[in-house]
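All of these numbers come straight from a predicted model, not from anything done at the bench.
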Amino acid sequence: MNVPDDPIDACESCVTCGDVAVPVRIARLLPGGLALADTGDGIEEISVALVAARPGDTVLVHAKEAIAVVAR
């Protein structure tokens, strides 16, 4: 298995899969605890099942899971 030296390079498919949580803005809530989030580089589907997020909120996301609401 080829493992990259930089963990951020490990997943080029989404901005939220690195070893850090990144802030994103909730664009729209979806059914099933999901949401569309504006990453600044595009829109990604994330889980908001662990937080009480609303459209317009900024949340911290790690591995496609919102872990905290940081701004309303």
Side-chain angles (χ1 to χ4, degrees):
M1 181 158 100
N2 187 9
V3 178
D5 293 331
D6 184 353
I8 298 301
D9 291 335
C11 178
E12 294 180 12
S13 65
C14 65
V15 70
T16 61
C17 285
D19 286 338
V20 296
V22 295
V24 301
R25 187 183 59 80
I26 300 298
R28 188 173 77 175
L29 295 177
L30 302 172
L34 299 174
L36 294 179
D38 183 350
T39 68
D41 290 327
I43 300 292
E44 291 189 20
E45 187 175 276
I46 63 168
S47 169
V48 290
L50 300 178
V51 297
R54 301 182 304 221
D57 287 351
T58 298
V59 296
L60 290 179
V61 175
H62 174 73
K64 293 194 178 264
E65 184 73 50
I67 58 174
V69 176
V70 294
R72 292 213 152 129

Test applied, side-chain contact (heavy atoms from CB on, under 4.5 Å); reference residue, V48; option that passes from D57, L29, L34: L29
Is L60 linked to V20 within one hydrophobic cluster, defined over Ile, Leu, Val, Met, Phe, Trp and Tyr using a side-chain heavy-atom separation of less than 4.5 Å? no
Closest approach of A27 to P55 (non-hydrogen atoms, all atoms of both residues): O-CB, 4.1 Å
Taking all non-hydrogen atoms of both residues, which atom of A68 and which atom of V51 are closest, and how far apart? N-CG1, 3.6 Å
Going from CG on L50 to CD1 on I67, what distance comes out if it is rounded to the nearest 0.5 angstrom? 9.0 Å
Under 4.0 Å between a side-chain nitrogen and a carboxylate oxygen: does that hold for K64 and E45? no
Pick from L36, T39, V24: which one makes a side-chain contact (heavy atoms from CB on, under 4.5 Å) with E44? T39
Would you compute the distance between atom CD1 of I46 and atom CD of E65 and round it to the nearest 0.5 angstrom? 8.0 Å
